[in-house]
Amino acid sequence: MALGIGCTARPGNSRNNKTGSWRVFYPVMDTEKCTKCGTCQLICPEGCINQNPDKTYSIDLDFCKGCGMCAEECPDKAKAIHMVKEEK
Amino acid sequence: MTMEIMEGSIAIAETVRLCRPQVISAYPITPQTHIVEGLASIVADGRLDAEYICVESEFSALSACIGASAAGSRVYSATTSQGLALMGEVVFNAAGMRLPIVMGIANRAISAPLSIWNDQQDSIMMRDSGWIQLYAEDNQEAIDMHILAYKVCEDHNILLPAFVCFDGFILSHVYEPIDLPSQELVDSFLGPFNPYQKLDAKDPISFGMYATPEYYLEFRYEHDQAVKRAAEAIKKYGKEFGEVFGRDYSELVVGYKLEDAETAIVAMGSICGTVKDAIDEMRAEGKKVGLLNLRCFRPFPSTDVAKALAHVNTIAVLDKNVSLGAKGAVAIEIKEACYGSNIPIYDYILGLGGRDVRKRDIKKIVELAEKGEGDMFYGLREEVL
Amino acid sequence: MRELRIHGRGGQGSVTAAELIATAAFTAGVYSQAFPAFGVERRGAPVQAFVRFSDEKIRLRSQIYEPDYIIVQDSTLIRDVNVFAGMSEGGIAIINTEKDGAGYDLPKGVKLITIDATKVALEEIGLPITNTTLMGAFAAASGEITLEALEGAIKERFDAKLADSNIAAAKRAYAMVKEGRV
Amino acid sequence: MVDRSIENFECGHRACGGCGASSAVRMILKGYGENTIVVNSTGCLEVFSTPYPETAWKTPWIHSLFENASAVASGIEASLKKQGRLDTEKILVFGGDGATVDIGTLCISGAFERGHDFTYICYDNEAYMNTGIQRSGATPYDADTTTSPAGVCSTGNNLPKKDYPQILVAHGSPYVATASMAYPADLMKKVEKARNIKGPCYIQVHTPCCTGWGFDGAKTMEIGRMAVECGLWVNYEIIDGELTTVKKVKRVPVDDYLKAQKRFRHLFKPLRNDAEIAKIQAIADKNAKKYGIDIE
């Protein structure tokens, strides 16, 4: 197949690259504690935190690199995310 | 056909107008200046509905052309010499992005020492950049090649940028008769710009990504293939051009009294005119000399060259450039094209930095070649010998 | 092919003269070519411009070394520049001077025409710009261009008022040469 | 009103975990809205988001060279104008601090002078991160980088951070602002504002770089906040040349901000360098006075 002339590609196909394998720690979301503030979703450098129909959030571990920003920034009153070491 | 007499630069500016670019971005530099001044006033007078971006450098001129072309506009720029050198990074980039930009090059020498005068070192310096390079013998060719270049470059099977090279001052500043085609004819030949792809919120693409070692080689291969395909495209559209405008460009190399020539001169650009006059005089003296005019340097028409020169005894290549420490760029190509033929090929570096070349110089070079003396800078002052 | 070399100083309109002469020649039906000696000369420095005339398409691109005609816009140039270089029998040299031209080192057989173009230009145009005056003299002396074609070329280049005065200057010089009043 | 549901930067890109720039880009794309054409200079962002054939961008996106993004944007703007598309599509340029305050200045100056309608975002991570942490004109005083290394005869980068926003104010830009990815609402609001202002707008966004500055990627937001709280980074807006808003803080000494990053470690180990820390404190004090950031 010919390449994209001018080094072009269709939008958003970086999803083919599952960056989840980069992780050492992974985030665990406690939806009970979640205040649905959306901070984690907004700030995640990967954009891999998605809102569920019940307005809580879930983390797509296919892409999560385990940076821990979401856990760190989850507001004090919630502290709904904590990081757990990957079993490798 | 109505011939008019006008300055080369103005003829080119008027021709660019006929090609209806939507964005023009250029920076003035001698001897290209009259072209961009001409275009600026054409736009200012409302004779062309285009955006004229008055940039702060050649580097930005071509960069803006990249943006405008990628966004879906036909674009034009022109430069020369130092301007082209400053653009260098963008020149390679525009080609790699496969954008059909047409740029006029008013050929001029490269500093140091500073020289505003003509030779062809500037465009030759960019020979490996993946642009098509056409060379005009006179201003009629210079304007025709502008129209032809858009046609070739915008072909979705080609998608390359092109230099239309014309000798600075010698062509850019000469008043001579030309046939400026009608808008109707140019429109019918060229049609509106139909981009292969463009930056468009309705259909987003990522453009100009980077290539890892897994892909870079293939991108260069496909780019090379496109430049090579351009040879056939130029011939095809050059023939169509002839049918529409009455001047044929279906050949990348054009012979002059070459059929029975024993000695062939190979040259590019305006010097071919002087060579032709010299050949007529030599022919009158019974010397069988001919010319091979290289209209196209990239893609390099090796096969056409080899075929055209197969029967001659001696080849004298005139190079208005030099790859210092090696030879003139044209000679290197001609030797490659004629590899295995055993025809002696001599290189003459001449006319650098605006040194005038006369008929008698051409005759002298033919004499030297026939004596087997060549591969030299021709016409040096005594004090360096 | 016939060749003309114009000698002047930067700012005297030598290049314009070459262009207008080429235009006039072309409109009257011959091929012509005009170009400057490309340079970086500033106002006042010696400059040259060239014109070729031919019945066939002109291919030659070198400068002009053996002119059939020369126009010298400023006789003081003759001290610094060999304006007659390359001229031969049958050539015509048109020189702007108040003097009669005696003492010039003219090549053999070259016809000399001296004209006080500055005086004509001052009287007709009000400026010491002599190019159009000398074009009139050239038209009369050489026969390469007609006065009508020259008028047309001047009209195309200049605004109406400026064109009128320049045409008047050219016509006067034309008549002066034709009548031998130079 | 910023539509936070906009996601134009896809997963799967190759930024470091905890990348401030990547986080900022997501916010900026939300703030700038749909129908955006992105121009990206060469740099970290470009490299981690677009290795052929995988692109993270869902907007139209173009990369040409390191230093010419604003000239490319000029051309796009001219083209959109000619096509009548400029009312619906807007141009957003991303350049790193090196691509902006150093090598891109010629093209930026030209484009801002000409007044093209686009927004230029400098994501400022205060060094050339793509090539391995070399100093740029935006590197702060005394930061240790690979080309301004701390050593026996050096305390790191010996030049102050270039005040680039002022250069664009001097160009007559209608909107010049600074922002930090650690203040998402402020950042997104400023970006949205820039989209709606005609002419060349400039926003310099502080994007802490865990790799280049030497801190844990989980702390990216926190480091960003600390920079603001100590006065070494000031968030402000300059509209038509007038300073209109400034983020005020209850200012703390620079020590904790410096201590939190490896790039300033030489100021504390093996011995605390009071003289140099005082110089950095003086920079923060000068900022505080200049912009009036202190809450009395």
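So you know, we letter chains A, B, ... as the sequences are listed, proteins then strands, and number each from 1.
- A 6.0 Å sphere centred on CZ of B:Arg355 holds no more than 12 heavy atoms belonging to other residues, nucleotides or ligands.
- Taking CE from B:Met3 and OH from C:Tyr31, the interatomic distance works out to 5.0 Å, rounded to the nearest 0.5 Å.
- In this structure, C:Glu156 places its CD atom where only 12 or fewer heavy-atom neighbours from other residues, nucleotides or ligands lie under 6.0 Å away.
- Summarising the local packing, NZ of B:Lys257 is surrounded by more than 12 heavy atoms from other residues, nucleotides or ligands at distances under 6.0 Å.
- Side-chain contact check for C:Ser32 versus B:Ile5: some heavy-atom pair is nearer than 4.5 Å.
- Between C:Arg61 and B:Glu176 there is a salt bridge, with a side-chain nitrogen of the basic residue lying less than 4.0 Å from a carboxylate oxygen of the acidic one.
- Between B:Asp138 and C:Arg59 there is no side-chain heavy-atom pair separated by less than 4.5 Å.
- When the shell of 6.0 Å around CG of C:Asp105 is examined, it contains 12 or fewer heavy atoms from other residues, nucleotides or ligands.
- The side-chain heavy atoms of C:Glu19 and B:Tyr175, taken from C-beta on, include a pair separated by under 4.5 Å.
- Under a cut-off of 6.0 angstrom, the local environment of NZ in B:Lys363 is crowded, with over 12 non-hydrogen atoms contributed by other residues, nucleotides or ligands.
- When heavy atoms are compared at a cutoff of 4.5 Å, B:Val357 approaches chain C solely by way of its backbone atoms N, CA, C and O.
- Annotation for C:Glu98: atom CD does not count as buried by contact number, only 12 or fewer foreign heavy atoms lying within 6.0 Å.
- With a 4.5 Å cut-off on non-hydrogen atoms, C:Phe38 touches chain B through its backbone and its side chain both.
- With a threshold of 4.5 angstrom between heavy atoms, B:Ile170 approaches chain C through its backbone and through its side chain.
- Side chain of B:Asp356 to main chain of C:Gln63: a donor-acceptor pair is present (N/O by atom type, distance under 3.5 Å, no hydrogens or angles).
- At most 12 non-hydrogen atoms from other residues, nucleotides or ligands lie less than 6.0 angstrom from CD of C:Glu66.
- For a heavy-atom cut-off of 4.5 Å, chain C lies close to B:Ser270, B:Gly273, B:Thr274, B:Lys276, B:Asp277 in residues 263-278 of chain B.
- Distance check, rounded to the nearest 0.5 Å: CD of B:Glu4 to OG1 of C:Thr23 gives 11.0 Å.
- The 12-atom threshold is exceeded at CZ of B:Arg47, counting heavy atoms of other residues, nucleotides or ligands nearer than 6.0 Å.
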